[in-house]
Amino acid sequence: DTGVSQDPRHKITKRGQNVTFRCDPISEHNRLYWYRQTLGQGPEFLTYFQNEAQLEKSRLLSDRFSAERPKGSFSTLEIQRTEQGDSAMYLCASSLVQYRDRGIGGSYEQYFGPGTRLTVT
Amino acid sequence: QQQVKQSPQSLIVQKGGISIINCAYENTAFDYFPWYQQFPGKGPALLIAIRPDVSEKKEGRFTISFNKSAKQFSLHIMDSQPGDSATYFCAVPSGNTPLVFGKGTRLSVIA
């Protein structure tokens, strides 16, 4: 088990450019989450997937943001027309939710990757 | 949107002392209340979690105390060590959001 990996670890881009981040979850995990974390704050939920289905998106996720998880394995998060306010750490996490868990119960044990730090200049 | 209030914002504790971090939430109907630990440059890692049908859970030097009626839970770190210096986050489930995190408590354990 190699844990959750994210690529790249750091990204510097100019305002207006598009960026794409990749997350590889723990292989047997069926749920994958994206969070954004700014300095001095806790992770803020952006979206999550159950296998390949995107189940929930936060209001924080504007139409410039899109996430995919083709085939229920790795996921990508794309930000179009980046703005300086997008500068943050983007965290990916995964978890295994058993069929017996009701609702979203069982999602508390999330395994986080090291994050991608985005700087928009 | 669930509000999660965590306190204090920062904490300095002498080595060997007890660190106490508190978390208050508005409402939840789900099963677990976790604490996460984050070191600089790393993602958060699950430290300990409690179910709402028990009032306390202990794992080594870490204890969660849970007060369902008050909608509060706290993390106690006994015999705090310099290696415990990190940022700690409480989290609660909320509606369709798997976890809502508190703003974090930066703990510094000094020798």
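By convention in this document, chain letters (A, B, ...) are assigned in the order of the sequence lines, proteins followed by strands, and residues within each chain are numbered from 1.
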With a 4.5 angstrom heavy-atom cut-off, could you sort out which part of [X] is near chain B: side chain, backbone, both or neither?
X	value
Arg117(A)	neither
Gln41(A)	both
Gln37(A)	side chain
Phe45(A)	side chain

More than 12 heavy atoms of other residues, nucleotides or ligands under 6.0 Å from [atom1] of [X]: yes or no?
X	atom1	answer
Glu68(A)	CD	no
Arg61(B)	CZ	yes
Ile12(B)	CD1	no

Practice task
Look up atom CZ in Phe112(A) and atom CG in Leu46(B), then write down how far apart they are to the nearest 0.5 Å.
Solution key: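 Phe112(A) atom CZ to Leu46(B) atom CG measures 9.5 Å (nearest 0.5 Å).
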Handout entry: Gap between atom NZ of Lys42(B) and atom CG of Leu91(A) - 0.5 Å precision
Key =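 That separation rounds to 13.0 Å.
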Practice task
Could you have a look at Pro114(A), Pro43(A), Gly115(A), Ala93(A) and say which one has the most heavy-atom pairs with chain B under 4.5 angstrom?
Solution key: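 When all of Pro114(A), Pro43(A), Gly115(A), Ala93(A) are compared, Pro43(A) has the most.
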Path from [X] to [Y] over hydrophobic side-chain contacts below 4.5 Å:
X	Y	result
Val19(A)	Tyr90(A)	yes
Ile21(B)	Val109(B)	yes
Tyr33(A)	Phe21(A)	no
Leu47(B)	Val54(B)	yes

Exercise for the section: Find out whether Tyr35(A) and Leu99(B) are in side-chain contact, i.e. whether some heavy atom of one side chain is under 4.5 Å from a heavy atom of the other. Expected result: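 They are in side-chain contact.
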Handout entry: Non-hydrogen side-chain atoms of Tyr32(B) and Glu109(A) separated by less than 4.5 Å
Key =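 Result no, sub-4.5 Å side-chain heavy-atom pair not found.
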Problem - Taking every non-hydrogen atom, the tightest pair across Pro98(B) and Gln110(A) - result: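 Between these two residues, the closest heavy atoms are CB-NE2, 3.8 Å.
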Problem - Contacting region of Gln38(B) [heavy-atom separation from chain A under 4.5 Å] - result: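 The side chain, not the backbone.
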Problem - Listed once per pair and sorted, the ring pair (Phe, Tyr, Trp, His ring centres under 6.0 Å) pairs that draw on residues 60-82 of chain B, sequence neighbours left out - result: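 Checked against ring pair (Phe, Tyr, Trp, His ring centres under 6.0 Å) - neighbours excluded - the pairs reaching residues 60-82 of chain B are Phe33(B)-Phe66(B), Phe33(B)-Phe73(B), Trp35(B)-Phe73(B).
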